[in-house]
Amino acid sequence: MEEKEIEIDSVELNEGEAKVVKRPWLRRLWRITWITALTLLGIALLMPIVYKWVNPPLTPLMVQRFFQQLTEKGREVNFERDYVSIDDISPNLVSAVVSSEDGRFMRHKGFDVGQLKQTYRENQRGRRIRGGSTISMQTAKNAFLPHRRSYVRKALEAGYTMAIEKLWGKERIMEMYLNIIEFGDGIYGCEAAAQHYFGHSAKTLSRHEAAQLAVTLPSPIKRNPSKATPYFKRQTSVVEGRMAKYGHINLKAKPKRKSKEDDETLWDFLRWVKKQKNK
């Protein structure tokens, strides 16, 4: 009779008898899988805590852009980045990005529920799809996640947004945002952008220069302050007008809730959407 070979990982002795313990390769694979999954989950949960004090060496977008530059013909490989403290960033730039990107930044809890509701209504009417991303959401996306459209990424973005709102506060969120956001192809952060486009530090940005940088943010690969189109110039004037309205943004101040929606969270918005669908 032909003997079958079995895999023996160890032999345990029990009261003088040999006991063969079988551990198939499938069990090993499963162990590696769940250990890897738990490790990645731990890292994902730990990063918002670490980044409260430490700037990320790289972000997913930086890596993504590098490989795009490397593989696309006629595209130069460029990487400019220089982290600075919020104290070394002009208040003009803070005012510019708040007035152009997220007017309720100092009031909401990470999600501008009023804007999300408006976006939902417009999308339901078949109008052009608009985004409702706040500066907090953009910071979470840029710091932790690749730029790919998917429901999974949006869910993770929401989770990270809630985490950084709780752990970091508005000042650190703004500091991180202005240090990692993309201002051009391979240009990350306001210090690198200020040096690249204007030849001086982010701390000395004028109102006009700050407005120009804010205008690049919706499309940093295509928009360039050094090659300002008529549209770019008009948008810059619009942002400067808004900056005059908003004035100085005190990032250390406690949020002042001015409406019911300022106190609403993402869960309130999701419940609202559910009611709209049931009508």
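Worth saying up front: this structure is predicted, and the values here are computed from it rather than measured. Along the sequence shown, residues carry numbers from 1.
- For the pairing with Asn142, the side chain to side chain donor-acceptor pair (under 3.5 Å) check across Glu182, His147, Glu157 returns one residue only, His147.
- Between Leu61 atom CG and Leu145 atom CG the span is 11.0 Å, to the nearest 0.5 Å.
- The same ILVMFWY cluster, assembled from side-chain heavy atoms under 4.5 Å apart, contains both Val98 and Leu178.
- No more than 12 heavy-atom neighbours from other residues, nucleotides or ligands sit within 6.0 angstrom of CD on Glu76.
- Of the inter-residue distances, the one linking Thr139 atom OG1 with Tyr160 atom OH reads 14.0 Å to the nearest 0.5 angstrom.
- Side chains of Gln115 and His108: a donor-acceptor N/O pair is absent below 3.5 angstrom, by distance only.
- Panel note: side chain Tyr246, backbone Ser100; no donor-acceptor pair is recorded below 3.5 Å.
- Residue Ala194 comes nearest to Ser201 through the heavy atom pair CB-C, 3.8 Å, listed as atom of the first residue, atom of the second, then distance.
- More than 12 heavy atoms of other residues, nucleotides or ligands sit less than 6.0 Å from atom NZ of Lys52.
- Under the 4.5 Å side-chain criterion, counting only non-hydrogen atoms from C-beta, Pro60 is not in contact with Lys141.
- Interatomic distance, Gln195 CD to Phe198 CZ, rounded to the nearest 0.5 Å: 11.0 Å.
- One finds the OG1 atom of Thr216 at 14.0 Å from the NZ atom of Lys222 (value rounded to the nearest 0.5 Å).
- The main-chain N or O of Pro91 is never found under 3.5 Å from a side-chain atom of Ser95 such that the two would form a donor-acceptor pair.
- Considering all non-hydrogen atoms of both residues, Met162 and Trp267 come closest at CE-CZ2, 3.8 Å.
- For Arg81 (side chain) and Pro57 (main-chain N/O), a donor-acceptor pair under 3.5 Å exists by modelled atom type.
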**Step-by-step side chain to side chain contact (heavy atoms under 4.5 Å, CB included) determination, Phe79 to Arg65** = CA-CA 9 Å; Phe79 183 80; Arg65 285 284 187 259; over 6 Å; no
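- Residues Ile173 and Val97 fall within the same hydrophobic cluster, defined by Ile, Leu, Val, Met, Phe, Trp and Tyr side chains chained together at heavy-atom separations under 4.5 Å.
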**Request:** Check the pair Phe183 / Tyr197 against ring-ring contact (aromatic ring centres under 6.0 Å, His included), numbers first and verdict last.
**Result:** CA-CA 10 Å; Phe183 283 99; Tyr197 294 120; 8.0 Å; no
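- Asp268 and Thr265 form a side-chain donor-acceptor contact under 3.5 Å, judged by distance and modelled atom types alone.
- Residues Val77 and Ile187 fall within the same hydrophobic cluster, defined by Ile, Leu, Val, Met, Phe, Trp and Tyr side chains chained together at heavy-atom separations under 4.5 Å.
- When all heavy atoms of Asp87 and Lys203 are compared, the pair lying nearest together is O-CE, 3.7 Å.
- Between the side chains of Gln69 and Asp185, at least one donor-acceptor pair of N or O atoms lies under 3.5 Å.
- Among Arg207, Gln235, His208, the single residue meeting the side chain to side chain donor-acceptor pair (under 3.5 Å) criterion with Glu240 is His208.
- Residues Leu93 and Cys190 come closest through the heavy atom pair CD2-CB, 3.3 Å.
- In terms of heavy atoms, Trp272 sits closest to Arg121 at CZ2-NH2, 3.7 Å.
- A donor-acceptor distance shorter than 3.5 angstrom exists from the side chain of Glu191 to the backbone of Ala202, with no hydrogens or angles considered.
- Between Trp168 and Phe144, the ring planes lie tilted relative to each other; the angle falls in the 30° to 60° range.
- Looking at heavy atoms from C-beta onward, Lys227 lies out of side-chain contact with Phe232 at the 4.5 angstrom threshold.
- Side-chain N or O atoms of Thr134 include one that pairs as donor or acceptor with a backbone N or O of Gly110 at under 3.5 Å.
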**Request:** Start with the C-alpha gap between Lys170 and Glu165, add the side-chain angles, then the distance that decides, and say whether salt bridge (charged side-chain N to carboxylate O under 4.0 Å, His left out) holds.
**Result:** CA-CA 7 Å; Lys170 297 295 185 180; Glu165 278 282 336; 2.9 Å; yes
**Prompt:** How far apart are the C-alpha atoms of Met106 and Leu251, what are their side-chain angles, what is the distance that settles it, and do they pass the side chain to side chain contact (heavy atoms under 4.5 Å, CB included) test?
**Reply:** CA-CA 7 Å; Met106 292 302 297; Leu251 296 172; 4.0 Å; yes
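- The hydrophobic cluster containing Val94 also contains Ile181, counting ILVMFWY residues as joined when their side-chain heavy atoms lie under 4.5 angstrom apart, directly or transitively.
- In this structure, Asn92 contributes its side chain and Ala210 its backbone to no donor-acceptor pair below 3.5 Å.
- Heavy atoms only, all atoms of each residue included: Lys154 and Ser133 are closest at NZ-OG, 4.4 Å.
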**Request:** Carefully, step by step, assess Phe105 and Ser136 under the rule side chain to side chain contact (heavy atoms under 4.5 Å, CB included).
**Result:** CA-CA 8 Å; Phe105 174 69; Ser136 301; 3.8 Å; yes
**Asked** Stepwise, does the side chain to side chain contact (heavy atoms under 4.5 Å, CB included) test hold for Tyr177 with Met174?
**Response** CA-CA 5 Å; Tyr177 175 75; Met174 179 61 73; 4.2 Å; yes
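- Taking CZ of Arg104 as the reference point, atom NZ of Lys109 lies at 12.5 Å (rounded to 0.5 Å).
- For Arg223 (side chain) and Val215 (main-chain N/O), a donor-acceptor pair under 3.5 Å exists by modelled atom type.
- For the atom pair CG of Asn179 and OG of Ser85, the computed distance is 8.5 Å after rounding to the nearest 0.5 Å.
- Hydrophobic cluster membership differs between Met62 and Ile221, with clusters built from Ile, Leu, Val, Met, Phe, Trp and Tyr side chains linked at under 4.5 angstrom.
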